[in-house]
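Here is how names work: the chains are called A, B, and so on, in the same order as the sequence lines, proteins then strands, and each is numbered from 1. Reckoned from all heavy atoms, side chains included, excluding hydrogens, waters and symmetry mates.
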Amino acid sequence: MRVAVFSDGFEERLDGFATQLIIGISILQKAFDKGFVPLILKINIMADESSKAYHPGEVENKWYSRWVEADCFRGDETGKGDAYSIVIPPPNVTGILHLGHVLNNTIQDILARRARMQGKDVLWLPGTDHAGIATQSKVEQKLRKEENKTRHDLGREAFLAKVWEWKEEHGGIIIEQLKRLGCSCDWSRERFTMDPEYSRWISKVFVDLYKEGLIYRGKRMVNWCPKSLTALSDEEVIMKPQKKSKLYFVRYRVAGEADRWIEIATTRPETLMGDTAVAVNPKDKRYADLIGKKVIRPFPEAEIPVIGDDSIDPEFGTGALKVTPAHDKTDFEIGLRHKLPFVDVFNPDGTLNELAGPEFVGMDRFKARDVAAEKLEAMGQLVRVEDYQNSVGYSERADVPIEPRISMQWFLKYPCTREAADAVANGDIVFRPEHHKKTFAKWMEGIQDWCISRQLWWGHQIPVWYRKDKAEELQNLENLSADFSGKDIYVGIDPPEDEANWVRDADVLDTWFSSWLWPFATMRTSEEESSTTLAKFYPTDDLVTGPDIIFFWVARMIMAGFRWQGGVPFKNVYFNGIIRDKQGRKMSKQLGNSPDPLDLIEKYGADALRFALLKSAPGGADLKYDEKQIEEGRNFATKIWNAARYREMQGNAPGNPGKPSIYAIDIVTKLEKLQEELEKSYTDYKFNEVAQMLHEFWWNNYCDWYLESAKGDFAPDGDAGARAATLATMDTVLERFLMLLHPYMPHITEELWDRFGFNRKHDSAFLMNTAIPQKALLEGLSQKQKETASEQVAAIYEAVGRARNLKASYGLGASKEVTFIIDPESGKFTENEVFAKLTGAREIKVEPGYEAKKGVPVAICAIGKVYLPLEGLIDVDVERERLSKELKRAVEELGKVTTKLGNEAFTSKAPQEVIQEMEERKAHWTARSDELSQMIDNLG
RNA sequence: GCGCGAUUAACUCAGUGGUAGAGUAUCACCUUGACAUGGUGGGAGUCACUGGUUCAAAUCCAGUAUCGCGCACCA
């Protein structure tokens, strides 16, 4: 006795397995009963039916590893096809996948997979970013917690070793998560911004720009983060409106005059100790005579001048400004103009120093604010305090108010700004949604020099060396008078030959200073080596990213592309929206409103998550997340699975296929049309439209209509030719549909592709690299034939809808067996079987010229009249009421259309088709209301 | 203050001048041999408001309101 063996997927098909097993056991039992001893060589249960529910977990893992094993994601730089490339926006190396990543990377995966299925050589280049501040502070936090040490306790080298350790340990997480999502990145080319080759690029770029004079060192007012103890770029500062600010009105005594005071308004009394002047507008009559005189700074007591400066707004506050050149950007500029002394009363960490006076030393800046105010009050110099609303800049990473601070930093004057601005303005780079163009243009117009040095250790150390004896002096951030004339400085990619005599600049570069080279530095491993990858895949085709990093990253990449590769780094930029929670808040760790995508994948499947997110992600607009959407994705996967399973259950056809039915022609025509329309939506990057159309086709057109209409063909006593034709149609539809759906739901489509053996029909081993044919699915038919079939089918489906409606409105359930009588418009109607199947009727009688008895409900359709004899089961009063309602509505509609038509006829400018359509509608409603009146009469 | 975007069913959102749509939710009926993660049918909208253009406006224009975002200012 021998039974065949089933292959993989055992667990998924437990249902089928169980039934088969029971049968198997009962056969064995019979054999034993009859006294035979069966020789069992191998038990093999043909589980040829899939289970009812689709279980994505194993299927997804299985296919992902098969793709990887077969090297399907590799970007072939020697391939003959057209190139298509994307570089991933590198996530933070220690980051964790969130829904924003899912949306962003799914879009890229869709683009990449679609390009592969167009026969292109595709490179989707992945990698991670070292994320200077974020990573360093994570490790510092850990250090403090576990060992109660700061990075300075360890020293630079040991600390960096710790960060690398951390990176090795946690760095792979997000990459693994992207794999679970199904991302088809070329992992063999994974890059990290601190790879040696990549780092070499950073140095080269720095040296280039230094030599060009675009990178310079200088003392400037910078955004200082007192928590991270580093300078930040303007982009890393977020302005936040303050609710509880106060405006302090303080009076300063005029020196040398008995009882004359000048009143100033300030929000920051704690900087008073750094005041080196009081400024007024020279045109302000109240104070004009004070210019040139001195006032007394209350503490530490000193005489400071009153100066006139046009930038003072006489309307604001009292019209007099205390000038603290070391602690405010505007004051800094006033200080420069009037050559005022710069008195910095703060330490780097935001506490006050000895210049603030002994009682303030070591005090936190916010505490000092209160203390200074109290002290002024005690001195009788605090006039009043008002509640006030203003905005304060916060450090993006550390979320503390930044401190404007003068310090010595490296700055970059951007290269190729004109080229970058033009490229976007003239469409060499296309932004989607387009309105981001304007934001970009505005930023480019007002572009400011970029502070690129950071007082961190984790990152690319600045490739600058100072002669040893001068190093301390030159390195001191506070040493504002340092000379950078050159002979004591060495700038180069490699260290100076006599390195022992030099000391390297301690600072590292802003992380974005490495990211802006990403599109090309990832493709070329060193600056000399010519790269076939670069030649084939650069510039890239699409960049998919969030609009929040348009300045941080996108703009800078464009400039870098022009500067080092002589052109645009990408042709299209698609800005995906931001995912928000139900209340419309941004997803954030603090709020805890960000679901873990891995949990969702576990629960619903990666395909479901991908599809659902894309289906409800409007082009570039923000998206409100609701888990219900993911359920919808899961349901869709189940629906596909079950409709495919239904086909599977029918087995193979013994005979030759007969001619395709009109329903078959119709569904295949719709599928061809779908393919065309998807093309259009893809061209416009309307990913939600694509998803909606795929969903609509499968669920509505294929499952609800075609599949239902075709069920009759599988009747046991049915026609073999029809059966074979229907099976063939289903295979055709399934095959092409899986191809179209694959970019969105790669795993389930690959699974079904395999189960149905479609890969045998194509050259490639996997659906994922099978090219989608452009040719029509129905070749032997003319356009006219297709149209005719579709029209017929549409008319039948319309009649079915009305017939169902008729049933339902008499309280007859969908499966209630009734008899419909059809009086066909054309005199004949042959689709009885399908009509009966779709309407759940027992019988369809075709009776040309049928004269209905009084009160028989009827639906007027394009195919003719459809009667539903009720055989006296219906309550007459209820029926009368229902009909009266209908009549009322019909009369209303008739009124509407008549009025409209009257207007049209009067003005007569509407196109002919519109008028005609209206006339048809008028005729319809006229007939309908006549009929309804008649029926009401009939009821008596 | 300047710029951008949004405002359509209870919710989330499609809808580029020609009869207001989808999914979810809801109501009624239905466990029928693909699928209850399902089927059939229904109810539900002054398309934010006010004007204008047009034969025709959710759609184009102008203005108003509310919300959101960005930039600038903030003594």
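- G21(B) atom P lies 19 Å from atom CE of Met693(A), rounded to whole Å.
- Using a 4.0 Å heavy-atom criterion, one finds that Ile550(A) contacts no nucleic acid atom at all.
- A gap of 48 Å separates the C1' atoms of U40(B) and A62(B), to the nearest Å.
- Put simply, CG on Asn700(A) is 14 Å from P on G21(B), counting in whole angstrom units.
- What separates CH2 of Trp699(A) from P of U37(B) is a distance of 11 Å, to the nearest Å.
- Listed nucleotides U37(B), G23(B), A34(B) differ in distance to Thr638(A); the shortest reach to its side chain belongs to U37(B).
- Between the C1' atoms of U7(B) and G15(B), the separation comes to 15 Å (whole Å).
- Note that Arg384(A) lies in the cation-pi zone of Phe249(A), set by a 6.0 Å cut-off to the ring centre and a 45° limit from the axis.
- On the C1' atoms, C30(B) is 15 Å away from C35(B), given to the nearest whole Å.
- Between Leu613(A) atom CG and C13(B) atom C1' there is a gap of 14 Å when expressed in whole angstrom units.
- For U40(B), its base never sits under 3.5 Å from the side chain of Arg804(A) at any donor and acceptor pair.
- Residue Ile264(A) is classed as having no contact, given no heavy-atom separation below 4.0 Å to the nucleic acid.
- Taking the P atoms as reference points, A57(B) lies 11 Å from G18(B), given to the whole Å.
- A cation-pi contact links Lys711(A) to Tyr646(A), judged by a cut-off of 6.0 Å to the six-membered ring centre and 45° from its axis.
- For Glu689(A) and C13(B), the CD to P distance is 17 Å, given to the nearest whole Å.
- Remark: RNA chain B forms stems of 3 or more consecutive Watson-Crick or G-U wobble pairs, all pair distances under 3.5 Å, at B:1-7 with B:65-71, B:10-13 with B:21-24, B:26-30 with B:38-42, B:48-52 with B:60-64.
- Between the P atom of A28(B) and the CG atom of Leu806(A) lies a distance of 22 Å, rounded to the nearest Å.
- Comparing the same atom, P, in G41(B) and in G5(B) gives a spacing of 41 Å after rounding to whole Å.
- A close approach under 4.0 Å does not occur between any side-chain nitrogen or oxygen of Asn688(A) and OP1 or OP2 of C13(B).
- Pro547(A) and Asn576(A) make their closest contact through CD-O, 3.0 Å (heavy atoms, listed as atom of the first residue, atom of the second, distance).
- Comparing Asp626(A) and Asn805(A) against RNA chain B, the residue whose closest nucleotide sits nearer the 5' end is Asp626(A).
- For the pair Arg645(A) CZ and A34(B) C1', the interatomic distance rounds to 5 Å; values are reported in whole Å.
- Rounded to whole Å, the separation between the C1' atoms of C60(B) and U53(B) comes to 8 Å.
- Checking G3(B), G38(B), C35(B) against the side-chain heavy atoms of Asn642(A) singles out C35(B) as nearest.
- For Lys442(A), the side chain to side chain donor-acceptor pair (under 3.5 Å) test picks out no residue, with sequence neighbours left out.
- For the pair Arg804(A) and Trp705(A), the cation-pi criterion (under 6.0 Å, within 45° of the ring axis) is fulfilled.
- Aromatic ring pairs are classed by plane angle as parallel below 30°, tilted from 30° to 60° and perpendicular above 60°; the pair Trp699(A) and His695(A) is tilted.
- For the pair Arg580(A) CZ and G68(B) C1', the interatomic distance rounds to 7 Å; values are reported in whole Å.
- Stacking of Lys437(A) on the aromatic ring of Phe431(A) is not recorded, the 6.0 Å distance cut-off and the 45° axial limit not both being met.
- Among the atoms of the strands shown, only primed sugar atoms or phosphate atoms (P, OP1, OP2) are found under 4.0 Å from some heavy atom of Asp704(A).
- Nearest heavy-atom pair across Ser709(A) and Tyr797(A) is OG-OH, 3.8 Å.
- Here, G39(B) and U31(B) have their P atoms 16 Å apart, quoted to the whole Å.
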Restricting to nitrogen or oxygen on both sides, can you table the protein-nucleotides 70-74 of chain B pairs closer than 3.5 Å?
residue : atom : partner   : partner atom : Å
C74(B)  : OP1  : Thr330(A) : OG1          : 3.3
C74(B)  : O2'  : Tyr388(A) : OH           : 2.6
C74(B)  : O2   : Ser391(A) : N            : 3.3
C74(B)  : N3   : Ser391(A) : N            : 3.4
C74(B)  : N3   : Ser391(A) : O            : 3.4

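- Counting distance only, with no hydrogens placed and no angle test, the side-chain atoms of Lys628(A) and the base atoms of A25(B) include no donor-acceptor pair under 3.5 Å.
- For the pair Glu708(A) and His695(A), nearest-nucleotide mapping onto RNA chain B gives the more 5' position to His695(A).
- A close approach under 4.0 Å does occur between a side-chain nitrogen or oxygen of Lys52(A) and OP1 or OP2 of C35(B).
- Scanning all heavy atoms of the two residues, the minimum distance from Pro282(A) to Asp310(A) falls at CG-OD1, 3.5 Å.
- Nearest heavy atom pair, residue Leu321(A) against residue Ile334(A), reads CD2-CD1, 3.8 Å.
- Across all strands shown, Lys807(A) has no heavy atoms under 4.0 Å from either base or sugar-phosphate atoms.
- Nucleotides C49(B) and A9(B), compared at atom P, are 11 Å apart to the nearest Å.
- Only one option out of Tyr604(A), Trp641(A), Phe611(A) pairs with Phe636(A) in a ring-ring contact (aromatic ring centres under 6.0 Å, His included); it is Phe611(A).
- Heavy atoms only, all atoms of each residue included: His436(A) and Phe575(A) are closest at CD2-CD1, 3.5 Å.
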